[in-house]
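Each ligand, and each atom within it, is numbered from 1 in the order the structure gives. What you are looking at is a predicted structure, and each value in this text was computed from that prediction instead of being measured. Index from 1, following the sequence.
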Amino acid sequence: MVTNVFSPLQKSKHPSRNQILVKRDDLIDPYISGNKWRKLKYILLQAKNTNKNHLVTFGGAYSNHLVATAAACARSGIKSTGFVRGDAVENEMLLLCKLFGMELIFTDRDSYRNKYLLYNTYFHQNPSTYFVDEGGASKEAIIGCAEIIDELPDDIDHLFCAAGTGTTAAGLLKGIQQRGLKTILHVIPVLKAGSFITDEIFKYTGSVEQLNLHTDYHFGGYAKTTPKLITYIKTFIAQEGILIDPVYTAKMFYAIDDLLLKGAFKAGEKIVALHTGGLLGIMGMKDKLYKD
Ligand SMILES: *Cc1c(COP(=O)(O)O)cnc(C)c1O
């Protein structure tokens, strides 16, 4: 894969966000999008270094990670298999996976829970395969995500990201610690009861002193939305000319705007929002977004 990424740091357009800079990881690639590119970078390298030419991974039927893995494997000239949670369905995301040559194995929810068992059942005799956990969670992913910090200025006061598993956030905090920066990392869990993310991050970083977890912006849970969030998405996209997705980045930007309104930041503080990509997630909610 290319190692020179295109991910500019841009000023937000709308006057209400004049303190906000957006790190455009969504521009890295339309399919290996945002943090999924960061996570896969060292996973692919590790696979290559251990002579594996076939990634096996896991995701839901609208998983950004599955599409990203399929595309990244195709570009790297290696095979990919995706275990898909739930009954066989057809959608835009799985179509892209198939076009990039991924083999899909639909798996009932019970079997899906034990990923190592699934992997072993299908691939234990296949030494060319490489296990990649759901969402790409791994120590390789942490290294890739920590590199985002190297591309940012050192004097950021507040850095924001959305979290599903918390791997990206852990990598960012690790990067902040490695460089000895004073930046506070603000993390928006997109699922209900997101406080487990703190433990997840602590596992990789050993300290959560510079972490600020905001657990009240999940809008009902993973992939859940409310009319308020849908309205917010439409307004934001029209104001900024930047697409955001309803599952992850919309909840993060909503949180930032809400905190701005509440006066949570001092004048002159430098705030960066990491746009983690995931724009294909719009496809999973096109009916809601199309309606007025
Ligand atoms: C997968 C994804 C995330 C979540 O990343 P984690 O490392 O699992 O916390 C955030 N944003 C977008 C757009 C994603 O696709």
Side-chain angles (χ1 to χ4, degrees), residues 7 22-43 57-72 82 85 93 96-97 132-148 159-175 185-205 211 213-215 217-219 221-223 225 233 236 242-256 273-285:
S7 171
V22 185
K23 172 72 171 161
R24 299 291 308 274
D25 266 16
D26 57 312
L27 297 180
I28 292 177
D29 189 281
Y31 306 107
I32 315 170
S33 170
N35 65 338
K36 302 306 185 285
W37 190 96
R38 303 284 184 178
K39 288 174 163 194
L40 285 164
K41 180 180 172 188
Y42 289 101
I43 289 174
T57 195
F58 307 83
Y62 273 97
S63 163
N64 291 321
H65 166 69
L66 283 184
V67 178
T69 306
R85 184 181 61 235
M93 306 291 269
L96 288 169
C97 289
V132 180
D133 210 342
E134 188 171 44
S138 58
K139 64 176 195 312
E140 287 77 18
I142 300 281
I143 301 169
C145 292
E147 286 183 350
I148 297 169
L159 174 61
F160 279 82
C161 78
T165 63
T167 311
T168 304
L172 292 172
L173 193 57
K174 185 118 196 160
L185 179 69
H186 296 264
V187 177
I188 317 300
V190 301
L191 12 77
K192 231 189 259 179
S195 46
F196 76 93
I197 300 270
T198 301
D199 303 335
E200 201 49 37
I201 295 175
F202 185 85
K203 264 200 284 184
Y204 291 106
T205 58
L211 172 70
L213 197 72
H214 302 272
T215 52
Y217 296 103
H218 56 73
F219 290 86
Y222 183 74
T225 62
I233 292 172
F236 181 96
I242 296 174
L243 286 172
I244 53 177
D245 80 292
V247 181
Y248 294 103
T249 49
K251 293 181 182 179
M252 174 193 67
F253 279 110
Y254 186 100
I256 295 173
L274 175 64
H275 194 317
T276 40
L279 296 173
L280 295 169
I282 289 173
M283 298 304 166
M285 264 178 238

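Side-chain atoms of Asn35 and Thr168 include a donor-acceptor pair closer than 3.5 Å.
Every atom of ligand 1 is numbered from 1 in the order shown, and the set under 4.0 Å from a heavy atom of Thr167 is 7 (O), 9 (O). Of all the atoms in ligand 1, the ones that sit under 4.0 Å from a non-hydrogen atom of Thr168 are 5 (O), 6 (P), 7 (O). Those atoms of ligand 1 with a heavy atom of Gly164 less than 4.0 angstrom away are 4 (C), 6 (P), 8 (O), 9 (O).
Residue contacts with ligand 1: Gly166 is placed with a nitrogen or oxygen under 3.5 Å of a nitrogen or oxygen of the ligand (distance criterion only). Between Ala163 and ligand 1, not a single N/O pair is under 3.5 Å apart. Checked by distance only, ligand 1 and Thr165 come closer than 3.5 Å through their nitrogen or oxygen atoms.
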Next item on the list: Give the intermediate values and the outcome of side-chain hydrogen bond (donor to acceptor under 3.5 Å, both in side chains) for residues Ser7 and Lys23.
Entry: CA-CA 6 Å; Ser7 171; Lys23 172 72 171 161; 3.3 Å; yes
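The shortest separation from a heavy atom of Gly277 to ligand 1 is under 4.0 Å, placing the residue in contact. Under a 4.0 angstrom heavy-atom cut-off, Gly135 registers as lying outside contact with ligand 1. Heavy atoms of Lys36 come nearer than 4.0 angstrom to ligand 1 in at least one pair. Contact between Lys39 and ligand 1 is present, with at least one heavy atom of the residue lying under 4.0 Å from the ligand.
Ring pair Phe253/Phe160: centre-to-centre distance not below 6.0 Å.
Counting heavy atoms under 4.0 Å from ligand 1, residue Asn64 touches it through the side chain alone.
In this structure, Lys251 is not positioned above the aromatic face of Tyr222 in the sense of NZ or CZ being under 6.0 Å from the six-membered ring centre and within 45° of the axis.
When the heavy atoms of Leu191, Thr276, Val247, Asn35 are ranked by distance to atom 3 (C) of ligand 1, first place goes to Asn35.
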